[in-house]
> 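Mind looking over this structure? Questions follow.
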Protein chains: 2
Amino acid sequence: MSALTERKKQILAIIIERYIATAEPVGSKAICAYMGNAVSSATIRNDMADLVELGLLEQPHTSAGRVPSQAGYRYYVDNLMTSYELGVDEQERIKIWLQSFSGEPDKLLEKAGNILAELTSCVAVSSSPSDDEAFIRRIELVPLSDHTAMIVLLATSGILKSAVVRCDAEINVEIAEVFYNICQTYFTGRNVADITLTFIQTLVASLGDKVFIMSPFLCAIADLCSAVKTTEIHLKGQNNILNHTELSEDAFRLMDFMHRGTPLESIINSQKKPLNVSIGTENPYKELRNSTTIFSKYSVGERDSGAIGIIGPTRLDYARLISTIRYLAGVIGTMLTETLDE
Amino acid sequence: MSALTERKKQILAIIIERYIATAEPVGSKAICAYMGNAVSSATIRNDMADLVELGLLEQPHTSAGRVPSQAGYRYYVDNLMTSYELGVDEQERIKIWLQSFSGEPDKLLEKAGNILAELTSCVAVSSSPSDDEAFIRRIELVPLSDHTAMIVLLATSGILKSAVVRCDAEINVEIAEVFYNICQTYFTGRNVADITLTFIQTLVASLGDKVFIMSPFLCAIADLCSAVKTTEIHLKGQNNILNHTELSEDAFRLMDFMHRGTPLESIINSQKKPLNVSIGTENPYKELRNSTTIFSKYSVGERDSGAIGIIGPTRLDYARLISTIRYLAGVIGTMLTETLDE
DNA sequence: AGTTAGCACTCACCACAACAGAGTGCTAAC
DNA sequence: GTTAGCACTCTGTTGTGGTGAGTGCTAACT
């Protein structure tokens, strides 16, 4: 595969970079100029013909310049791209943006999505950390009024979920005590995956009439546990779809696709390497056949917990985006790990 | 203004209803058929010419049918539209959808936005209840770990806000006691608008070194108070913009407009009547000149607290949408008022 | 007066042809 | 292997003529 001559690589790189910058097919003459007229346009034409032969370039029509094919982008990303280091100022900016984070992982990832969308002019997708092997670290009951209370559940993964519950009986100290006793006995330290609604049902039944009144609280706990292991997905910068003219004809389908949710979840969950670039038809969904997705996993502690990335056209400034996403994922990872340690 | 003959009104109504249904200009012959050939197409043409004269209709070009003008829609909404009663099954469906609501106003309004977007195929906008005259009903400190705690603030408006705070010192019973004392003395019962960051600063200064450590908690409270009075806006179903072909050329601008946030906020806050329909240029923003907005305020207790509505093209099924939005706003109001009473 | 039939007219839409321009592919020479 | 030269191809644009839907107007009718 790497049987390309240096010049062909150079030509391919120029075409891709020019095309990324201008969205116009690149002609032999323009390339010639970009190479400082080292060789003539005819020579370049010959090389370009070979590159088309290899499937790395495409010509929209006979008399247009060349455009990178998906394989061309792939080759570029794998072999040609000069890796780009995020400037210190940009790094600082990102950190400052994220600084307001105070300990709620969900909010951090939502914010990170916003930043990424802003920075890349693409649609940003981020998933809150999810961990179905998480344990319940702590459950708290926060009385709000005579008949309502908030239940706060903290998992070992650092994830925090809360819900407001209404209760027919008055929520007094006695009830709170019963609640904490039940939590201590049946919930704290258990795997969130164990706390299902059916588990709650059998539990309530076994506890008998006395604590029947607890039932809404316990159901809420089950819901929170399921929320802990559910991947929560944040979609930001959807308006950016319309920025990219090459996507405009797919815009509707794409929008719809992204709002369906589950496919995105499966994409997020299927990230193999730390950083994945899927170009066009490399994506598992046909709606993305003209799009590129770039996702980076982030880790909390030693665990891969979620991912953040973008969906954009295939014509992307890969070098910049990859380093941005990688950096962001790194920062998220360290921030979340820090909170975990405490 | 109501100097229109009955027949002209009928013609106008038919044109609008046909156009709403088909998005095609309506010709005299078609109207003739819809009127059961009661009069000839020539007569209708004469009437249509008058309606154009009055500015209620427009013709895209000489040889096309007629299309409602913005003024036409306005006349229709004000005088012609047969009000539509939401079916009981639809009412039930909405209630069941919203049922999962347990006491967090923010979540209820987010959900309501989702429902509305679903139901109308428009972009739904909803604002969480905001009330800058709300008082602090309750503040709770929920310890999460040695150095982090969650602060929960409940306002008299029923709004619930929470934040996680990190603290250098260990959060023990002693600190909690100091916290609650401060809350009791300086916060509970006060107007949220009073609790500004500068207020906190002077407070911290006056309390002296001993409680300097409380500072992050108190700042968090100030943030929560400002969140209570801030209008929080939920935007749902943005993918629906692309459903409406007549908006497609404005789609980009519209998307951008909606993502800017502040204009939406000002629209929400400037709702005069319980239910407002703004057609095209009646909207205060030029980006909406081809759009219609329909918003209904909802009330918690006796107070107008927020609004919910849609942004769509001018070609809308006004009757259905208006009744849907009105109903939804009513349900939201009662649900929120109920939680308030407790 | 209001209504109607009849008819010329207007304009968007479509298809087809002509044309210019950009960029190529190929050939023959270097 | 490289280059100059040139015919060729294809797109995008412009212009023309035909078609059809729907109108506006006039003159006759009730």
Side-chain angles (χ1 to χ4, degrees), chain A residues 3-12 14-19 21-69 72 245-246 248-249, chain B residues 3-12 14-19 21-69 72 245-246 248-249:
Chain A
L4 290 187
T5 63
E6 275 312 309
R7 196 180 55 213
K8 281 180 186 169
K9 289 183 186 174
Q10 195 188 351
I11 291 172
L12 182 56
I14 289 176
I15 289 177
I16 290 179
E17 275 151 24
R18 288 318 302 154
Y19 186 68
T22 65
E24 299 278 319
V26 188
S28 55
K29 244 174 110 179
I31 297 172
C32 196
Y34 267 89
M35 292 173 71
N37 297 307
V39 289
S40 81
S41 65
T43 310
I44 292 169
R45 280 202 292 280
N46 288 331
D47 285 351
M48 289 200 297
D50 293 348
L51 290 169
V52 170
E53 192 78 16
L54 289 167
L56 298 173
L57 292 179
E58 279 168 358
Q59 34 190 351
H61 53 267
T62 343
S63 75
R66 300 307 209 285
V67 156
S69 69
T245 46
E246 53 260 68
S248 61
E249 63 179 39
Chain B
L4 291 187
T5 62
E6 275 311 310
R7 195 179 57 212
K8 280 180 187 169
K9 289 183 187 176
Q10 194 189 352
I11 290 172
L12 182 56
I14 289 177
I15 290 177
I16 290 179
E17 275 152 23
R18 289 317 303 155
Y19 186 68
T22 65
E24 299 277 320
V26 188
S28 55
K29 244 175 110 178
I31 297 171
C32 196
Y34 267 89
M35 291 174 71
N37 297 308
V39 289
S40 80
S41 66
T43 309
I44 293 169
R45 279 202 292 281
N46 288 331
D47 284 351
M48 290 202 296
D50 292 349
L51 290 169
V52 170
E53 191 79 15
L54 289 168
L56 298 173
L57 293 179
E58 279 168 359
Q59 35 190 352
H61 52 267
T62 341
S63 73
R66 299 308 209 286
V67 157
S69 70
T245 45
E246 54 260 68
S248 63
E249 62 180 38

> Determine: side-chain N/O of Thr62(B) to OP1/OP2 of dC11(C), distance under 4.0 Å, yes or no.
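For dC11(C), OP1 or OP2 has a side-chain N or O of Thr62(B) closer than 4.0 Å.
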
> Tell me which nucleotide, if any, is Watson-Crick or G-U wobble paired with dC30(C) when both distances must be under 3.5 Å.
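Answer to the pairing question: dG1(D), which forms a Watson-Crick or G-U pair with dC30(C).
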
> Looking at side-chain heavy atoms only, is the closest gap between Leu51(B) and Arg66(B) below 4.5 Å?
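No, too far: nothing below the 4.5 Å cut-off.
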
> Rounded to the nearest angstrom, tell me the gap between atom CG in Asn46(A) and atom C1' in dG5(D).
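It works out to 14 Å between those atoms.
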
> Assign each of Thr43(B) and Ser28(A) to its nearest nucleotide of DNA chain C by heavy atoms, then name whichever residue's nucleotide is nearer the 5' end.
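So the residue in question is Thr43(B).
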
> dA1(C) pairs with which nucleotide, Watson-Crick or G-U wobble, both distances below 3.5 Å?
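dA1(C) is paired with nothing.
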
> Can you tell me if Arg7(A) touches the phosphate of dG1(D), counting only side-chain N or O atoms and a distance under 4.0 Å to OP1 or OP2?
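Arg7(A) to dG1(D) OP1/OP2: no side-chain N or O under 4.0 Å.
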
> So, does Arg66(B) get its side chain near the phosphate of dA21(D), meaning an N or O under 4.0 Å from OP1 or OP2?
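No, no such contact exists.
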
> Nearest-Å distance, CG (Leu51(B)) to C1' (dG24(D))?
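Atom-to-atom, Leu51(B) to dG24(D), this comes out as 16 Å.
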
> How many Å lie between CD1 on Ile11(B) and P on dT23(D), as a whole number?
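Answer to the nearest Å: 11 Å.
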
> Would you say Met35(A) and Gln10(A) make side-chain contact, with heavy atoms under 4.5 Å?
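They are in contact (side-chain heavy atoms under 4.5 Å apart), so the answer is yes.
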
> Compare all side-chain heavy atoms of Lys29(B) with those of Ile44(B) and state whether any distance is below 4.5 angstrom.
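No. Closest side-chain heavy atoms not under 4.5 Å.
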
> Does any donor-acceptor pair link the side chain of Arg45(A) with the base of dG5(D) at a separation under 3.5 Å?
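Such a pair exists between side chain and base.
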
> Using whole Å, what does the distance between atom P of nucleotide dG23(C) and atom CD1 of Ile44(A) come to?
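For the pair Ile44(A) CD1 and dG23(C) P, the rounded distance is 13 Å.
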
> Give Ser63(A) one of three labels, base, sugar-phosphate or nothing, depending on what nucleic acid heavy atoms sit under 4.0 Å from its own.
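Result for Ser63(A) = base.
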
> Taking the side chain as C-beta and beyond, is there a heavy-atom pair between Arg7(B) and Val39(B) under 4.5 Å?
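Answer yes - side chains close enough.
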
> Within less than 4.0 Å of OP1 or OP2 of dT9(D), is there a side-chain N or O belonging to Gln59(A)?
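It does not, given that no N or O in the side chain of Gln59(A) lies less than 4.0 Å from OP1 or OP2 of dT9(D).
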
> Taking a pair as Watson-Crick or G-U wobble with both distances under 3.5 Å, which nucleotide is matched to dT30(D)?
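Looking at the geometry, dT30(D) pairs with no nucleotide.
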
> What's the NE2-C1' distance between His61(B) and dT19(D), to the nearest Å?
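Computing the His61(B):NE2 to dT19(D):C1' distance gives 13 Å.
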
> I need the CG-P distance between Asp47(B) and dT23(D), as an integer number of Å.
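Atom CG in Asp47(B) sits about 12 Å away from atom P in dT23(D).
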
> Within this structure, what is the CG-to-P distance between Asp50(B) and dG24(D), rounded to whole angstrom?
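Asp50(B) atom CG is separated from dG24(D) atom P by 10 Å.
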
> Does the side chain of Ser69(A) reach to within under 4.5 Å of the side chain of Leu57(A), using non-hydrogen atoms?
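They are not in contact (no side-chain heavy atoms under 4.5 Å apart), so the answer is no.
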
> Using whole Å, what does the distance between atom C1' of nucleotide dG21(C) and atom CD of Glu24(A) come to?
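Whole-Å distance recorded here is 14 Å.
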
> Using a heavy-atom cut-off of 4.0 Å across all strands, would you classify Ala64(A) as base, sugar-phosphate, or nothing?
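Touches sugar-phosphate only.
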
> The side chain of Ser40(B) lies closest to which of these nucleotides: dC10(D), dA5(C), dT24(C)?
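Out of dC10(D), dA5(C), dT24(C), the nucleotide with an atom closest to Ser40(B)'s side chain is dA5(C).
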
> Do you know the tightest heavy-atom contact between Arg18(B) and Tyr34(B)?
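Between these two residues, the closest heavy atoms are CZ-OH, 2.9 Å.
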
> Any strand counts, and the cut-off is 3.5 Å on both contacts for Watson-Crick or G-U wobble. Which nucleotide pairs with dT11(D)?
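For dT11(D), the partner nucleotide comes out as dA20(C), under the 3.5 Å rule.
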
